[in-house]
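Reminder, nothing fancy here: chain letters follow the sequence lines and each chain counts from 1. Heavy atoms only: backbone and side chains are in, while hydrogens, waters and symmetry mates are out.
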Number of protein chains: 2
Amino acid sequence: MRCAGGSEAISEGQRAAKSPRERILIAARELFYRHGVHAVGVEAIAETALTNKMTLYRHFRSKDDLIVAYVQQLATEGNEVLDRILAENLDSPQKQVDAWVDFVEDVLTNKFERGCALANAAVELDTGHPARAVIEAYKQRKHDRLVELFRAARYHDPNQLADEVFLLFEGARISIQCGGKGPASRVVGMLRGLLASRPRLVEV
Amino acid sequence: MRCAGGSEAISEGQRAAKSPRERILIAARELFYRHGVHAVGVEAIAETALTNKMTLYRHFRSKDDLIVAYVQQLATEGNEVLDRILAENLDSPQKQVDAWVDFVEDVLTNKFERGCALANAAVELDTGHPARAVIEAYKQRKHDRLVELFRAARYHDPNQLADEVFLLFEGARISIQCGGKGPASRVVGMLRGLLASRPRLVEV
DNA sequence: CGAGAATGTTACCGATCGGTAGCAGTATGT
DNA sequence: ACATACTGCTACCGATCGGTAACATTCTCG
């Protein structure tokens with residue numbers, strides 16, 4: 001029940017980030033993800049960001065506002081990562097798919113993984129919290145982009161394939177922190193097998 | 001950020017439950033699930049249970065102790081539900097599988113569903129919390145029981161099938177509360193299709 | 001009945017929560 | 001050099017947090 005307090009060492013990123021606002025968002029990203037949005041107080045975030053509560057409240061109207069910014073930051077970065085993966089493999093949709101699976105593998109084998117930060121935040125937030133809308137929009141968009149990716153790679157029934165892949169990924173991330181580490185550790189292999197054996201509209 | 005406080009109406013179950021301990025566990029189950037373990041204070045639980053903080057602390061050494069009991073209660077009930085499903089369909093493993101899928105459908109279409117309570121709790125709890133061990137053991141056991149169920153139903157490669165089904169289910173439950181409602185609403189159909197098209201050791 | 005255990009009630013503790021006032025210091029651009 | 005804006009700092013607010021002391025009340029069961 002205890003959160004880390006101010007004893008967090010100065011993160012590498014903190015020196016580089018000039019503006020207090022950036023440092024606060026970096027600190028929020030770390031602490032909110034590691035301990036949950038409710039277990040971390042604004043003071044701990046301010047201290048980790050090498051600033052103080054007052055400056056924090058000059059940039060964010062309330063803690064809920066900061067939570068929204070935290071979630072928006074994650075959603076933006078998530079979209080940008082996918083943008084980059086797709087942009088780096090413009091020559092072939094199949095390579096885009098493979099690159100995305102490689103990325104999934106990286107995420108799931110990261111030993112600091114504590115599940116999807118957005119899903120974790122949604123779990124802690126009441127239904128009416130403004131951050132929930134951001135999270136839901138992001139997940140919806142992510143699913144839709146998977147559909148388009150699979151359609152471009154000429155998979156048969158890209159909608160259902162995206163459903164399956166999406167849910168397997170989500171299930172793996174949540175399972176990492178609640179025991180079923182077995183299935184989560186095998187999901188990448190499953191994904192590759194699934195994608196390799198799926199019918200296509202044309203053979204490549 | 002605000003939890004419901006004492007305004008919760010007296011739940012139906014509260015009158016029937018005699019002992020304060022039972023009432024407290026019922027209240028904890030409701031409030032912890034709905035708002036998260038960190039967002040609910042012990043006082044709110046005591047009031048919802050039609051008792052007071054002092055009595056609560058006579059039955060549970062601390063809030064963390066109550067959280068462990070809450071999680072243990074959920075794990076026990078989860079195991080019992082599966083026990084019952086299997087016991088009611090002893091004549092055929094295939095009927096056991098079908099009955100379990102029907103149960104999954106009930107869970108996912110329950111409009112009060114806010115994901116798996118155990119997974120949600122794990123998200124909020126630090127890695128060293130004693131409740132985490134209970135959660136992990138339960139999920140591990142659940143996965144193992146799925147393997148045995150599929151093996152009894154003579155599915156080919158019951159290990160991988162259990163992995164897939166387990167992750168799809170977990171993914172669906174977490175997705176219900178963070179937007180991807182589309183995929184979650186279609187997962188039962190996916191499961192039925194998956195199970196119907198899977199190779200078996202013998203035809204029935 | 002009567003005795004002992006379990007419950008209810010109230011008031012309290014120190015700590016921490018989210019959030020703010022006020023002022024001193026430090027960049028910044030012109 | 002100057003005004004302006006931003007930042008740091010300290011001290012504080014009321015509320016709530018988890019947890020406890022002391023005592024009155026009720027229940028249970030021999």
Side-chain angles (χ1 to χ4, degrees), chain A residues 1-8 10 14-28 31-32 35-71 121 124-126 129-131, chain B residues 1-8 10 14-28 31-32 35-71 121 124-126 129-131:
Chain A
M1 210 66 80
R2 192 72 279 112
C3 81
S7 65
E8 301 282 346
I10 301 129
Q14 305 293 28
R15 288 181 224 281
K18 329 107 277 256
S19 100
R21 190 171 199 280
E22 295 177 48
R23 278 177 286 154
I24 289 168
L25 281 173
I26 291 174
L31 296 183
F32 279 162
H35 307 286
V37 292
H38 280 154
V40 175
V42 290
E43 185 125 40
I45 291 176
E47 286 179 17
T48 303
L50 303 179
T51 177
N52 52 63
K53 230 183 348 174
M54 202 55 241
T55 300
L56 188 153
Y57 276 100
R58 290 197 187 100
H59 289 281
F60 304 94
R61 250 175 285 192
S62 66
K63 183 182 179 181
D64 284 311
D65 241 56
L66 176 58
I67 292 175
V68 172
Y70 160 70
V71 148
E124 287 198 81
L125 268 27
D126 273 334
H129 196 288
Chain B
M1 205 67 78
R2 192 72 281 115
C3 78
S7 65
E8 302 280 348
I10 300 130
Q14 304 292 28
R15 289 180 223 280
K18 330 111 275 269
S19 100
R21 191 171 199 280
E22 295 177 47
R23 277 177 287 154
I24 289 167
L25 280 173
I26 291 174
L31 296 182
F32 280 163
H35 307 286
V37 292
H38 280 153
V40 175
V42 289
E43 186 124 39
I45 291 176
E47 285 180 17
T48 302
L50 303 178
T51 179
N52 52 62
K53 228 185 344 177
M54 201 56 242
T55 300
L56 188 153
Y57 276 100
R58 288 194 188 102
H59 290 282
F60 305 94
R61 248 175 285 192
S62 66
K63 183 182 180 180
D64 284 312
D65 242 55
L66 176 58
I67 292 175
V68 172
Y70 159 70
V71 149
E124 287 198 81
L125 268 26
D126 273 334
H129 196 287

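- For the pair B:Lys18 NZ and C:dG8 P, the interatomic distance rounds to 15 Å; values are reported in whole Å.
- If you take CG of B:Leu66 and C1' of D:dG18, they are 12 Å apart, rounded to a whole angstrom.
- With a 4.5 Å cut-off on side-chain heavy atoms, A:Val68 and A:Phe60 do not count as touching.
- Interatomic distance, B:Ile45 CD1 to B:Leu56 CG, rounded to the nearest 0.5 Å: 6.5 Å.
- Separation of atoms NE2 (B:His35) and CD (A:Glu124) is listed at 14.0 Å; rounding is to 0.5 Å.
- Here the shortest heavy-atom pairing between A:Asp64 and A:His129 reads OD1-NE2, 2.7 Å.
- At a threshold of 4.5 Å between non-hydrogen side-chain atoms, the residues B:Val71 and B:Phe32 do not count as touching.
- For A:Tyr57 and C:dG19, the shortest distance from a side-chain N or O to OP1 or OP2 is below 4.0 Å.
- Paired with B:Thr48 under the rule side-chain contact (heavy atoms from CB on, under 4.5 Å), one option of B:Ile24, B:Leu31, B:Val40 passes, and it is B:Leu31.
- Note: CD (B:Glu47) to C1' (D:dT16) measures 13 Å, nearest angstrom.
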Restricting to nitrogen or oxygen on both sides, can you table the protein-nucleotides 25-27 of chain D pairs closer than 3.5 Å?
none

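- Atom pair A:Ile45:CD1 and C:dG19:P shows a separation of 11 Å (rounding to whole Å applied).
- We find that CD of A:Glu43 is positioned 16 Å from C1' of D:dT16, with the value rounded to whole Å.
- In this structure, CD1 of B:Ile24 is placed 12 Å from C1' of C:dG8, rounded to the nearest angstrom.
- Taking atom NZ of residue A:Lys63 and atom P of nucleotide C:dT16, one finds them 15 Å apart after rounding to whole Å.
- Separation of atoms NE2 (B:His59) and CG (B:Leu25) is listed at 10.0 Å; rounding is to 0.5 Å.
- Between A:Arg21 atom CZ and A:Thr51 atom OG1 the span is 13.0 Å, to the nearest 0.5 Å.
- For B:Asn52, the side chain to side chain donor-acceptor pair (under 3.5 Å) partners at least two apart in sequence or on another chain are B:Thr55.
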Base contacts versus sugar-phosphate-only contacts with protein, heavy atoms under 4.0 Å: please encode nucleotides 3-13 of chain D as B, S and - from 5' to 3'. ----BBB----
